[in-house]
Amino acid sequence: MKTYPNTALPCSAFGHNYIKTKINNDQTSELTCNHCGIVVNTDTKGNFEHISNPNTHIKRVLRKLYHLRLQSVKAKLSA
């Protein structure tokens, strides 16, 4: 199992405790570790593929932009 620098102590000692968080239509699933929050995808053969940090960073920034846009729309409507 590949280790990652930001893993929690239980993950380093015993391995990750994955929970299925999302099932895709193409027979793949997204798994998240309970302790450290690392997200991995499984392919159709069951192999793990780690989601890189830039993807999660982009998602986080897009979510912030979306919420800022909602706030500005609400402010315009209430004014």
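- Considering only heavy atoms from C-beta on, H16 comes within 4.5 Å of C36 through its side chain.
- Put simply, CD on Q27 and OG1 on T44 are 9.0 Å apart, with the number rounded to the nearest 0.5 Å.
- Here N34 contributes atom CG and Y18 contributes atom OH; the two are 11.5 Å apart, rounded to the nearest 0.5 Å.
- T32 OG1 to K22 NZ: the interatomic distance, rounded to the nearest 0.5 Å, is 10.5 Å.
- Of the residues I19, T21, V39, V40, the one that meets the side-chain contact (heavy atoms from CB on, under 4.5 Å) test with L31 is V40.
- Under the rule for a side chain to side chain donor-acceptor pair (under 3.5 Å), N25 has no partner lying at least two apart in sequence or in another chain.
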Considering only distance and modelled atom types, tabulate donor-acceptor pairs under 3.5 Å from the side chains of residues 65-78, sequence neighbours left out.
| from | atom 1 | to | atom 2 | distance (Å) |
| --- | --- | --- | --- | --- |
| S72 | OG | R69 | O | 2.8 |
| S78 | OG | K74 | O | 3.2 |
| S78 | OG | A75 | O | 3.1 |

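- Remark: T28 engages N24, D26 in a side chain to side chain donor-acceptor pair (under 3.5 Å) (not counting sequence neighbours).
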### Message
Before you tell me yes or no, could you show the steps for E49 and T42 under side chain to side chain contact (heavy atoms under 4.5 Å, CB included), namely the whole-Å CA-CA distance, both residues' side-chain angles and the distance that decides it to 0.1 Å?
### Response
CA-CA 6 Å; E49 298 173 352; T42 58; over 6 Å; no
